[in-house]
Amino acid sequence: MKVNEIKGLNLPNKKDEEFLKINLDALFSYDFKDVQTYEFDIMGLKTVDDEKSYESVLFDITRSIDNKQKVITINKNIAEPIFLIHKIKEDETFFTNSLKIELAKDIKAQVVEVFVSSSKNSAYSVNRSFELAQNSSLEYVKVQDFDLSNSFIFNSYIEQEKSSTLDFTNFEYGNGFILNNFINNINSENITYNLNGLVKLKDDTTCSNLIKTVHNAKSSLSNIDYKHSLKDNSKAVFKAKSIVNETALFTKAFQNTNTILLSDDATIFAQPHLEIYIDELEASHGATTGSLNKEQLLYLESRGIHKELAYEILLKAFEEKIAHNIKDEIIKDFIETYERSKYV
């Protein structure tokens with residue numbers, strides 16, 4: 001099966017403005033030997049047809065193969081996080097998975113998803129829908145840890161009702177070709193939307209993050225914060241667009257990305273973008289790229305710390321800033337002690 005031969009599927013290409021700097025040709029032209037829907041090991045999940053109209057064509061890749069969507073409905077406060085572990089083991093296989101997470105009114109919950117692969121030349125196309133009812137709160141954490149020869153597409157579509165909060169944190173540890181796509185149309189008042197990410201790459205890995213946030217209602221917050229740590233020949237793409245329309249008075253819209261380049265061949269393409277149609281708001285965006293602070297390295301060495309250890313201390317301090325944003329202590333401990341070997 002080749003993705004570019006799926007009948008009726010209109011695929012993006014690197015000439016489209018949204019996908020500039022992202023080469024999808026190798027993934028879309030690869031001939032996979034098998035196609036499978038990745039099934040959850042959870043009994044009793046509701047299944048629906050995914051008939052939503054999405055703004056991004058990337059959602060249609062999964063739906064063109066299987067338009068069924070599992071639904072997790074959380075209507076009671078839960079004391080501990082829900083963990084969903086995805087293990088991709090079969091070679092030469094294109095996997096799909098679609099899930100909707102629903103939170104009822106006034107409910108607080110935490111969900112962690114871990115995506116790992118030990119396969120060769122496989123791909124995983126994942127669709128996620130998040131529906132948060134009024135005054136609900138969800139902390140969602142994603143860990144991606146794929147092997148070098150694999151590809152991973154993660155699409156998320158977010159709908160939040162009045163006074164709801166979504167804290168969305170991503171940890172990109174894996175290799176291969178990675179593409180994340182985040183869409184949130186903020187149509188209700190007093191929304192809080194925090195999107196954080198650590199992109200830690202090595203070898204020839206490519207990881208792209210496409211982020212679109214549209215403010216249509218007043219008194220809401222969107223805060224996007226990404227850190228990149230890039231080694232070897234790795235490449236990262238960060239494209240964030242936040243639109244604040246005339247109806248979104250008193251919006252707060254922030255974007256920030258910081259990158260540490262750890263080799264001469266690592267590259268970052270960062271494009272934060274604000275599109276604003278009102279004056280009554282707070283907004284900022286920024287992007288920095290550099291290496292580890294030489295003065296700090298020299299200071300640590302002057303205190304008797306070996307150069308290599310000083311290097312690791314500064315790098316860890318930079319990368320840990322994203323994990324520090326996690327509110328749930330169980331999840332924070334999970335991230336701090338995460339080891340890929342436990343899942344492959």
Distance-only side-chain donor-acceptor flag, Ser29 / Asn4, under 3.5 Å
no
In Å and rounded to the nearest 0.5 Å, what is the CD1 to OG1 distance from Ile61 to Thr96?
11.0 Å
Salt bridge flag under 4.0 Å for residues Glu161 and Lys105:
no
Is a side-chain donor or acceptor of Lys33 paired with a backbone partner of Phe94 at a separation under 3.5 angstrom?
no
Do you see a donor-acceptor pair shorter than 3.5 Å between the side chains of Glu172 and Gln144?
yes
Test ring-ring contact (aromatic ring centres under 6.0 Å, His included) on Phe32 and Tyr30; report intermediate values, then the result.
CA-CA 6 Å; Phe32 294 94; Tyr30 191 85; 5.0 Å; yes
Does Ser119 reach the main-chain N or O of Lys89 with its side chain, forming a donor-acceptor pair under 3.5 Å?
no
Just checking, any donor-acceptor pair under 3.5 angstrom between side chains of Asn155 and Asn181?
yes
Can you name the one residue among Lys227, His228, Gln271 that meets side chain to side chain donor-acceptor pair (under 3.5 Å) with Thr257?
His228
Could you tell me the separation between the CD atom of Glu139 and the CG atom of Asn325, rounded to the nearest 0.5 Å?
9.5 Å
Can you label the angle between the Phe171 ring and the Tyr173 ring as parallel, tilted or perpendicular, going by 30° and 60°?
tilted
Quick one: CG on Leu195 to CD on Gln255, what's the gap to the nearest 0.5 Å?
10.5 Å
Ignoring hydrogens and geometry beyond distance, is a side-chain donor-acceptor pair present between Thr47 and Lys70 at under 3.5 Å?
yes
Are side-chain N/O atoms of Ser163 and Asn135 paired as donor and acceptor at under 3.5 Å?
no
Cut-off 3.5 Å, side chains only: do Glu102 and Thr73 have a donor facing an acceptor?
yes
Would you please say whether a donor-acceptor pair under 3.5 Å links the side chains of His215 and Ser222?
yes
Do Asn223 and Asp225 get their side chains close enough for a donor-acceptor pair, meaning under 3.5 Å?
no
Please say whether the positively charged group of Lys21, taken as NZ for Lys or CZ for Arg, lies over the ring of Phe269, i.e. under 6.0 angstrom from the six-membered ring centre and within 45 degrees of the axis.
yes
Lys/Arg-Asp/Glu bridge criterion (N-O < 4.0 Å) met for Lys241, Glu18
no
When you compare the side chains of Glu275 and Tyr277, does any donor N or O come within less than 3.5 Å of an acceptor on the partner?
yes
Check this for me: does any side-chain nitrogen of one of Lys212 and Glu55 sit under 4.0 Å from a carboxylate oxygen of the other?
yes
Answer yes if the side chains of Ser98 and Asn127 hold a donor-acceptor pair under 3.5 Å, and no otherwise.
no
Sole residue of Lys68, Arg63, Gln69 in side-chain contact (heavy atoms from CB on, under 4.5 Å) with Asp66
Lys68
Parallel, tilted or perpendicular, as decided by the 30° and 60° cut-offs, for the rings of Tyr54 and Phe59:
parallel
Salt-bridge present (Asp145, Arg340; N to O < 4.0 Å):
yes
Roughly how far, to the nearest 0.5 Å, is the OG1 atom of Thr62 from the CG atom of Asp60?
9.0 Å
With a 4.0 Å cut-off, would you call Lys327 and Asp167 a salt bridge?
yes
In terms of the angle between their ring planes, are His86 and Phe115 parallel, tilted or perpendicular, with boundaries placed at 30° and 60°?
parallel
Centroid-centroid distance, Tyr124 to Phe154, less than 6.0 Å:
no
How many angstroms lie between atom NZ of Lys252 and atom CD1 of Ile191, to the nearest 0.5 angstrom?
14.5 Å
Are any of the side-chain nitrogens in Asp147 or Lys120 under 4.0 Å away from the carboxylate oxygens of its partner?
no
